[in-house]
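Please read these numbers as outputs of a predicted model, since none were measured by experiment. We count residues from 1, following the sequence as given.
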Amino acid sequence: MKDILQDLSYSQTEELVLTLGEKKFRAKQLFDGINKGRRISEIPGLSAEFRAKLTERFEDCPAEIVRTYKSADGTEKYLFRLADGNIIEGVLMKYKYGNTQCVSTQVGCRMGCKFCASTLNGRIRDLTAGEILSQVLVVNALHAEGKIRGVTNIVLMGSGEPLDNYDNVVKFLKNVTAAEGLNISARNISLSTCGLVERMYDLAEEGLPVNLTVSLHNTTDEERARTMPIAKRYKIKDILDACTNYFEKTGRRYIFEYSLIEGENCDARHAEELVRLLKGRPCHVNLIRLNEVKERNLKALGDKQAYRFLGLLEKGGLSATLRRQIGSDIGGACGQLRAGYLEGGEN
């Protein structure tokens with residue numbers, strides 16, 4: 001596979017242009033064209049010779065949309081084909097305040113969470129910073145409609161564990177928030193992790209005050225380990241300590257995701273324990289209706305029971321919400337579209 005031009009910052013693009021014997025102003029043409037979601041071969045104003053030099057070294061299209069699924073509520077789900085043929089997926093969710101895009105950071109995932117289809121075949125490889133950015137650029141181009149940004153918010157909650165691909169994810173965050181690029185505020189970006197503690201401390205030092213979201217999904221280490229193998233390595237106490245540090249360093253409150261799994265984590269005892277763990281912390285609990293994965297034997301909690309659990313948390317003094325279901329008519333939690341596509345043997 002060739003290099004990814006979208007990996008480069010603006011200053012690195014300037015260096016590249018000069019190295020290839022072009023005038024410095026060509027860097028802005030090139031960088032602006034890339035950030036409008038264009039292929040190298042589609043950027044106007046570049047000479048055929050310059051384009052040839054670029055496409056000899058760099059991928060013309062690092063991430064191409066090969067399938068789009070549109071929901072009645074406006075949600076759009078995408079399958080992207082990378083330059084090496086690997087498939088990843090993403091989602092665009094439309095809200096009153098803007099459009100939020102969920103992006104993938106790895107092809108597959110090695111964390112092994114039993115409620116997630118992304119882990120079924122393990123991690124194939126990490127995405128580069130430019131491959132993560134390219135997902136945003138192509139979707140942004142579809143929805144910009146004359147504006148700079150059709151995508152206003154980003155969540156790193158697609159396939160992969162972002163902190164397991166730390167260097168590329170941090171580089172992506174720096175590039176997507178750069179003034180010369182899309183210039184999306186770090187405060188409009190959320191990063192979801194299953195709790196890689198050392199990397200949570202590292203992220204707090206990066207000067208990137210993104211919203212930190214931690215997949216908790218249970219209230220004791222033993223029970224958490226039944227559905228999240230990572231719990232055998234990182235204890236809940238260590239995760240909470242890392243969250244405290246993140247708040248102290250960034251001033252950003254943190255969010256806990258909690259998928260409601262019948263018979264696993266959502267009786268009154270769990271609600272009481274969750275209140276005990278989190279009350280008084282600068283955090284929010286986002287309850288999620290489980291999207292059932294056919295390869296797993298986990299069942300979703302009914303709506304009535306889900307709202308009862310929410311009520312117990314609120315009564316206990318926690319800030320909590322039950323995530324509304326969007327795009328349910330076009331199917332699948334994270335990883336399920338990709339799994340179905342690959343299972344079908346499509347090219």
Side-chain angles (χ1 to χ4, degrees), residues 3-13 31-32 34-37 62-63 80 82 88-93 98-107 109 111 123 125-141 148-215 242-243 245-255 257 334:
D3 291 340
I4 306 296
L5 186 59
Q6 289 79 355
D7 280 334
L8 305 184
S9 65
Y10 185 73
S11 61
Q12 290 172 325
T13 304
F31 199 77
D32 287 351
I34 288 298
N35 277 277
K36 289 177 180 175
F80 300 92
L82 305 178
I88 56 174
E89 63 185 78
V91 182
L92 186 77
M93 297 161 283
N99 294 333
T100 296
Q101 185 177 349
C102 177
V103 300
S104 293
T105 56
Q106 296 175 313
V107 182
C109 182
M111 295 298 107
R123 183 192 64 176
R125 69 170 177 87
D126 291 336
L127 299 187
T128 74
E131 287 176 317
I132 303 170
L133 179 60
S134 291
Q135 298 168 62
V136 180
L137 297 180
V138 295
V139 173
N140 185 69
I148 296 174
R149 288 189 295 272
V151 174
T152 57
N153 300 68
I154 297 171
V155 292
L156 285 77
M157 297 180 185
S159 298
E161 161 57 60
L163 296 186
D164 190 39
N165 185 17
Y166 186 84
D167 291 341
N168 284 312
V169 164
V170 167
K171 187 175 182 181
F172 158 74
L173 292 173
K174 290 178 178 178
N175 286 349
V176 80
T177 57
E180 303 91 349
L182 289 184
N183 195 22
I184 293 178
S185 170
R187 293 174 179 271
N188 288 350
I189 300 174
S190 296
L191 182 150
S192 179
T193 178
C194 63
L196 305 191
V197 169
E198 297 92 346
R199 289 308 197 183
M200 291 168 69
Y201 280 99
D202 291 340
L203 185 65
E205 301 294 333
E206 294 287 353
L208 293 163
V210 299
N211 301 298
L212 181 65
T213 300
V214 179
S215 295
C243 287
N245 177 73
Y246 192 82
F247 176 75
E248 291 172 350
K249 291 297 177 74
T250 66
R252 305 294 289 161
R253 76 168 182 164
Y254 39 93
I255 297 168
E257 291 195 323
C334 180

**Request:** Mind checking salt bridge (charged side-chain N to carboxylate O under 4.0 Å, His left out) for Glu180 and listing every partner two or more places apart, or none if nothing turns up?
**Result:**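 Residues passing salt bridge (charged side-chain N to carboxylate O under 4.0 Å, His left out) with Glu180: none at all.
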**Asked** For the atom pair CD (Gln101) and CG (Leu137), what is the distance rounded to the nearest 0.5 Å?
**Response**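 One gets 9.0 Å once the value is rounded to the nearest 0.5 Å.
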Shortest non-hydrogen separation from [X] to [Y] and the atoms involved:
X	Y	value
Thr177	Ile184	CG2-O, 3.0 Å
Leu208	Tyr246	O-OH, 3.6 Å
Ala204	Lys249	O-CB, 3.6 Å
Phe80	Ala63	CD2-CB, 4.4 Å

Please check if the side chain of [X] supplies one atom and the backbone of [Y] the other of a donor-acceptor pair under 3.5 Å.
X	Y	value
Ser159	Val107	no
Asn211	Arg187	yes
Asn99	Gly150	yes
Asn140	Val136	no
Glu131	Thr128	yes
Gln12	Ser9	yes

**Result of checking Leu173, Leu196, Thr213, Leu156 against Pro162 for side-chain contact (heavy atoms from CB on, under 4.5 Å)** =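 It is Leu156, the one option of Leu173, Leu196, Thr213, Leu156 that forms the side-chain contact (heavy atoms from CB on, under 4.5 Å) with Pro162.
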**Request:** Answer yes when Arg123 and Glu161 have at least one side-chain N-carboxylate O distance shorter than 4.0 Å, and no when they do not.
**Result:**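 No, this pair does not count.
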**Message:** Gln106 and side-chain hydrogen bond (donor to acceptor under 3.5 Å, both in side chains): which single residue from Asp126, Asn168, Asn165 fits?
**Reply:**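 The passing option is Asp126.
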**Asked** Does the side chain of Tyr166 pick up a donor-acceptor pair with the side chain of Glu198 at under 3.5 Å?
**Response**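 Note: Tyr166 and Glu198 side chains miss the donor-acceptor criterion.
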